[in-house]
2 protein chains.
Amino acid sequence: MMGEKPVRKPRPTLMDVARKAGVSRATASLVVRKSPLVGAETRASVEAAMAEIGYVYNLGAAGMRAARSRTIGVIIPNLSNPFFGVLLAGIDQVVDGAGLATFIAHSSESAGKQDGFVTRMREHGVDGLIVCPAAGTAPRFIERLTDWGMPVVEALRTVGAGVVDYVGMDQSGGMEGAVARLVDLGHSRIGFVTANLNHSAHDERLAAFRAAMARHGVASAIEIEIDPTHGEAMALARQMAGTQDAPTAWVCHNDVIGLGMHRGFSDCGLVPGRDMSLIGFDNVAETDLVRPGLASVATEPVEIGVLAAQLLLRRIETPEAEVEIRRVPSHFVERGSVGAARG
Amino acid sequence: MMGEKPVRKPRPTLMDVARKAGVSRATASLVVRKSPLVGAETRASVEAAMAEIGYVYNLGAAGMRAARSRTIGVIIPNLSNPFFGVLLAGIDQVVDGAGLATFIAHSSESAGKQDGFVTRMREHGVDGLIVCPAAGTAPRFIERLTDWGMPVVEALRTVGAGVVDYVGMDQSGGMEGAVARLVDLGHSRIGFVTANLNHSAHDERLAAFRAAMARHGVASAIEIEIDPTHGEAMALARQMAGTQDAPTAWVCHNDVIGLGMHRGFSDCGLVPGRDMSLIGFDNVAETDLVRPGLASVATEPVEIGVLAAQLLLRRIETPEAEVEIRRVPSHFVERGSVGAARG
DNA sequence: CTGAAAGCGCTTACAG
DNA sequence: CTGAAAGCGCTTACAG
């Protein structure tokens with residue numbers, strides 16, 4: 001058994017490998033780095049030596065000389081939101097595929113924690129950073145990173161678009177689809193429920209809503225800002241259920257709010273899609289679990305993650321490349337929570 | 001503006017700091033490491049020098065000599081499951097508090113990918129590893145890590161319990177509560193829906209169910225294994241809705257299955273809690289969104305993450321410490337999906 | 001509290 | 001393709 005003496009064994013070095021294989025250390029180094037300069041026979045014997053003595057490449061030492069760590073950092077504002085888990089999976093897929101490792105940090109929407117992380121990541125010598133800025137992050141945050149010469153890509157939210165690469169979603173396509181469908185169904189009193197978070201995606205969604213409403217010649221009945229939690233959204237729906245002349249249709253900043261309102265209306269005996277229409281945003285898996293299903297706007301977190309990682313790798317490779325901004329389209333997904341307006 | 005020449009500036013070294021402050025490099029090093037050996041005045045002047053020239057501590061170089069990286073690795077099988085996001089937040093909280101950074105890797109339940117990650121983490125010189133083993137991981141996986149002398153803690157699932165520290169959940173408390181409540185309500189035909197995943201938490205849940213059933217003198221009506229997806233669970237519920245003598249109550253391996261069955265039964269016009277009883281596992285936030293709410297067994301992902309990180313830090317500090325196994329209690333949470341058995 | 005020396009494990013030119 | 005030398009930026013004893 002163990003647990004008695006799990007003492008860390010001294011790791012063999014490249015010198016040990018070289019000695020074992022009867023070559024110089026430089027040659028062994030070339031083999032490790034898969035250089036084509038080494039002959040097949042030599043390579044085989046070095047690799048055999050490595051296997052035999054249990055050699056482990058020391059990336060830290062290599063990086064110190066080579067001035068790169070084969071490491072990137074990712075800063076995520078909210079790990080409890082499944083949306084970010086999926087985004088992370090997309091990033092990981094590309095970064096891992098390129099042979100790099102990912103540091104993760106969880107800002108909990110705190111710009112202060114975020115500042116600390118950035119310093120730590122820099123001390124660890126990350127080759128680049130993907131950041132989804134915490135709510136309330138100042139543009140100064142990104143400037144500091146670029147002053148350092150740190151390759152940076154913003155994802156989902158931006159405070160420095162135009163200065164660094166950015167991959168966000170195009171809110172307008174999905175929002176237009178949602179509003180157009182509501183208008184088609186005869187709704188003219190349409191409300192928007194936004195979240196009290198200060199970040200670009202929030203502002204863009206609200207702006208996209210207003211633009212779509214204007215395009216269809218409808219005035220927004222009401223815009224309400226709440227904490228983006230199930231509980232707050234349920235409370236709002238219960239209140240609205242008893243309100244005279246409340247909107248006949250609601251668009252919500254995200255599915256957390258949409259699902260909460262769905263439950264709140266249902267608790268009051270109102271059926272979404274019949275008594276009022278309800279649309280969320282993000283199209284998370286749970287929209288299919290409630291009855292009737294919650295219509296939503298689909299965004300592509302995996303694709304956004306993949307693109308962000310690709311842009312970062314490019315930026316690391318080519319620091320002087322043009323700043324690039326990518327917007328991943330969104331589209332409306334209809335479900336039972338949407339129906340015709342009632343007289 | 002930038003985007004033109006974000007060339008990485010050469011970082012100042014400790015030698016630069018020492019020169020600037022008029023001290024030796026060793027003294028500067030002591031200041032960086034917050035050693036008490038340095039006088040207040042000297043410290044102040046060194047710190048001023050660091051600030052002035054924009055010094056950034058090079059953790060890679062420091063770690064090479066000190067033989068520790070102030071870095072740990074975490075291997076997670078499924079980032080799309082919000083449960084793991086929350087677990088990660090718990091881990092991060094402790095690790096970050098201790099001043100270490102976290103590498104994350106996403107195995108997607110693949111033991112093969114997992115092997116690759118472990119090698120890479122080792123090359124990066126992580127000080128320790130928290131692993132939630134992918135389904136199907138062989139015990140050999142953990143043995144290899146301990147052979148290397150790598151500090152390891154298993155979380156949520158174990159293939160090497162007794163050999164390394166492990167923090168899991170105690171399935172039995174919550175399961176007993178769930179089964180006891182069903183029996184109380186007069187149910188005698190109780191089914192269990194398990195997931196086709198091969199890992200310890202899966203086996204434990206099934207065993208806990210059987211034990212609770214035996215304790216109450218009930219024979220399981222049926223045990224069914226499915227893909228743990230909403231779709232499969234919905235399909236199963238629809239099938240069961242039309243089955244003569246189907247169980248009057250169901251316990252599910254997790255909330256993904258529970259929520260899927262909830263929707264499936266509802267689609268057939270059956271109301272959980274009235275026409276049959278339904279209990280999930282994990283108590284995710286979404287259990288409160290469906291109507292009636294899905295009863296579930298609450299486990300504590302944050303606490304499990306916190307404990308796992310604490311055990312790892314201890315193990316790194318004290319490699320020879322006794323192997324420790326911790327089980328975080330679970331408890332039954334009743335909601336509307338549970339009701340009296342009908343004649 | 002400080003200085004000079006050696007070394008952590010690798011890569012980078014540079015000469016063969 | 002190979003070898004000997006220097007250096008990446010820090011920490012660790014060790015003598016003052």
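Here the structure is a predicted model, which is why all the values come from computation and not from measurement.
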- Message: If a pair means Watson-Crick or G-U wobble with both distances below 3.5 Å, what does DNA chain D look like in dot-bracket form, with | marking bases paired to a different strand?
- Response: |||.||||||||.|||
salt_bridge([X], [Y]) N-O dist < 4.0 Å:
X	Y	value
B/Arg43	B/Glu41	no
B/Glu317	B/Arg315	no
B/Arg157	B/Glu109	yes
A/Arg314	A/Asp165	yes

- Item | Neighbours of DNA chain D within residues 19-29 of chain B, by heavy-atom distance under 4.0 Å | B/Arg25, B/Ser29
- Note on the structure: Whichever of A/Met64 and A/Arg68 has the more 5' nearest nucleotide on DNA chain C, that residue is A/Met64
- Message: Is there a side-chain contact between A/Val17 and A/Ile53 in this structure, where contact means two heavy atoms from C-beta onward sitting under 4.5 Å apart?
- Response: yes
- Heavy-atom side-chain contact between A/Asp16 and A/Tyr55 under 4.5 Å: no
- Message: Could you check whether any side-chain N or O of A/Asp127 sits under 3.5 Å from a backbone N or O of A/Arg70, counting only pairs where one atom can act as donor and the other as acceptor?
- Response: yes
- Note on the structure: Output for pair (B/Thr158 OG1, B/His199 NE2), nearest 0.5 Å, gives 11.5 Å
- Task: Drop me the distance from A/Leu129's CG to A/Leu312's CG, to the nearest 0.5 angstrom.
- Result: 8.0 Å
- Item | DNA chain C: 5'-most and 3'-most nucleotides touching chain A, 4.0 angstrom heavy-atom criterion | C/dG9 to C/dT12
- Listed by chain and number, what are the salt bridge (Lys or Arg N to Asp or Glu O under 4.0 Å) partners of B/Arg68, not counting sequence neighbours? none
- Task: Look at the rings of B/Phe103 and B/His124 and say which category their plane angle falls in: under 30° parallel, 30 to 60° tilted, over 60° perpendicular.
- Result: tilted
- Return the 5'-most residue of the pair A/Arg65, B/Leu14 with respect to DNA chain D, ranking by each residue's nearest nucleotide. A/Arg65
- Note on the structure: Within residues 48-60 of chain B, those residues having any heavy atom closer than 4.0 Å to DNA chain C are none
Contacts table for residues 90-98 of chain B: side-chain donor-acceptor under 3.5 angstrom, sequence neighbours left out:
from	atom 1	to	atom 2	distance (Å)
B/Asp96	OD1	A/Arg120	NH1	2.8

